[in-house]
Amino acid sequence: MKQQNIQTSIGTIAVYKKVVPGTVPVLFLHGVYFDHHLWNYFTSRITDRTVIAIDMPHHGNSKSIIQRNWNMTDCGQMLIEIIEDFGYDKVFAVGHSWGSMTILRAAVRNPHKFIAIGLCNMPLRKGSFKSRLQFGFQHWMLPFKSFYAKQVAKVMFSKENRRSKPEMTEYLEVSIARLSNQEVKKTDRAVITHVDDGVPYLEQLRVPAQALKGDSDYVGTPLNIKNTLVKGAHTSPLEQPEAVLKLINKLFLY
């Protein structure tokens with residue numbers, strides 16, 4: 001996939017594109033601590049349409065972030081700016097966690113831009129004082145990145161998958177090592193500890209949507225849209241790739 005940098009209101013965002021002329025593209029947005037490589041399995045298997053994978057702010061090669069206190073609303077606007085920069089009238093979009101939160105907000109405010117959306121492992125809860133205390137404590141572990149990553153893995157992956165697929169935890173360790181401590185803190189603030197409530201967006205959504213989450217995932221079950229429950233925790237694109245690919249193919253039927 002060919003890398004291209006796009007200037008947005010948040011900053012310079014790296015996108016990776018494989019073009020099939022004359023097709024409606026599908027955009028992929030990853031979750032916290034990962035980058036566009038999370039979607040390699042899927043972008044390699046979708047051969048009949050254009051695919052675009054995005055490095056979210058501070059992640060991957062999206063390091064030139066000019067907006068200091070960006071939030072989820074800004075992420076949604078960033079996604080629309082990327083779509084418009086490419087000149088697409090409509091797209092499909094698939095997200096994991098933070099990526100799903102971004103797509104949901106963008107689709108509510110700009111429903112005409114989306115044919116259908118896939119929302120994997122999407123958090124819904126509003127940031128709370130308790131979460132700020134929790135992550136404030138966890139951030140003390142950031143100087144010990146490998147240890148920090150292993151603690152994160154306990155949330156991201158089910159116990160069974162951590163045992164049977166140790167390469168997932170190793171991959172997460174590598175991804176987190178690429179982030180500075182400040183980048184982790186800024187992302188956690190915008191996406192977890194200070195995020196707004198996701199439920200009202202679901203209530204306003206007028207775009208066809210499919211959701212998916214693990215049976216031991218910490219996130220709630222989204223209401224008003226079809227949800228598929230799979231084995232695993234919070235990173236279904238790695239834990240259950242075939243189920244996620246099936247969800248993506250359902251989107252193409254709209």
When you check the side-chain N and O atoms of [X] and [Y], is any donor under 3.5 Å from an acceptor?
X: S97; Y: H234; value: yes
X: D89; Y: H112; value: no
X: Y148; Y: N181; value: no
X: Y218; Y: N121; value: no

May I ask you to decide if [Y]'s main-chain N or O and [X]'s side chain share a donor-acceptor pair within less than 3.5 Å?
X: Y201; Y: A106; result: no
X: Q204; Y: P200; result: yes
X: S131; Y: G127; result: no
X: E239; Y: T235; result: yes
X: S100; Y: C120; result: yes
X: K186; Y: N69; result: no
X: T23; Y: T50; result: yes

[X] [atom1] to [Y] [atom2] distance, which is reported to the nearest 0.5 Å:
X: E203; Y: D197; atom1: CD; atom2: CG; result: 8.5 Å
X: N110; Y: K90; atom1: CG; atom2: NZ; result: 11.0 Å
X: M156; Y: S175; atom1: CE; atom2: OG; result: 9.5 Å
X: K185; Y: Q182; atom1: NZ; atom2: CD; result: 6.0 Å
X: T12; Y: I66; atom1: OG1; atom2: CD1; result: 7.0 Å
X: I54; Y: I82; atom1: CD1; atom2: CD1; result: 4.0 Å

Side-chain heavy atoms under 4.5 angstrom apart, residues restricted to Ile, Leu, Val, Met, Phe, Trp, Tyr: same cluster for [X] and [Y]?
X: F147; Y: Y33; value: yes
X: L238; Y: L229; value: no
X: I117; Y: V24; value: yes
X: M141; Y: L172; value: yes
X: L202; Y: L212; value: yes

Any [X] side-chain heavy atom under 4.5 Å of [Y] side chain:
X: N61; Y: Y16; result: yes
X: S9; Y: Q77; result: yes
X: W39; Y: M1; result: no
X: M72; Y: H194; result: no
X: T193; Y: V195; result: no
X: R178; Y: V174; result: yes
X: N161; Y: K231; result: no
X: H58; Y: W70; result: yes

For F42, which of V26, V51, I248 qualifies under side chain to side chain contact (heavy atoms under 4.5 Å, CB included)?
->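 Testing each of V26, V51, I248 against F42, the sole residue satisfying side chain to side chain contact (heavy atoms under 4.5 Å, CB included) is I248.
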
Nearest heavy atoms of [X] and [Y], plus distance in Å:
X: P25; Y: I52; answer: CB-CD1, 4.3 Å
X: V94; Y: I103; answer: C-CD1, 3.3 Å
X: I13; Y: D55; answer: CG2-O, 3.4 Å
X: P57; Y: I10; answer: CG-CG2, 4.0 Å
X: P237; Y: H96; answer: CD-CD2, 3.9 Å
X: N40; Y: T43; answer: O-OG1, 3.3 Å

Inspect the contact between [Y] and [X] and indicate whether a charged nitrogen and a carboxylate oxygen are less than 4.0 angstrom apart.
X: R105; Y: D196; value: yes
X: E183; Y: K63; value: yes
X: E173; Y: K145; value: no

Between [X] and [Y] (judged by ring centroids, cut-off 6.0 Å), do the two rings come close enough to count as a pair?
X: H37; Y: H30; answer: no
X: F28; Y: H36; answer: no
X: F252; Y: F92; answer: yes

Hey, can you tell me if H59 and W98 have their rings parallel, tilted or perpendicular (30° and 60° cut-offs)?
-> perpendicular

Apply side chain to side chain contact (heavy atoms under 4.5 Å, CB included) to L79 and F114, showing your working.
-> CA-CA 11 Å; L79 176 56; F114 299 88; 4.1 Å; yes

Stepwise side chain to side chain contact (heavy atoms under 4.5 Å, CB included) check, Q210 with N227 = CA-CA 6 Å; Q210 296 269 341; N227 182 73; over 6 Å; no

Could you tell me whether F144 atom CZ has more than 12 heavy atoms of other residues or ligands within 6.0 Å of it?
-> no

Go through M168 and R162 one step at a time and tell me if the side chain to side chain contact (heavy atoms under 4.5 Å, CB included) criterion holds.
-> CA-CA 7 Å; M168 293 194 309; R162 293 199 310 273; 5.8 Å; no

Does the side chain to side chain contact (heavy atoms under 4.5 Å, CB included) test come out yes or no for V15 and Q3, once each step is laid out?
-> CA-CA 6 Å; V15 300; Q3 180 180 340; over 6 Å; no

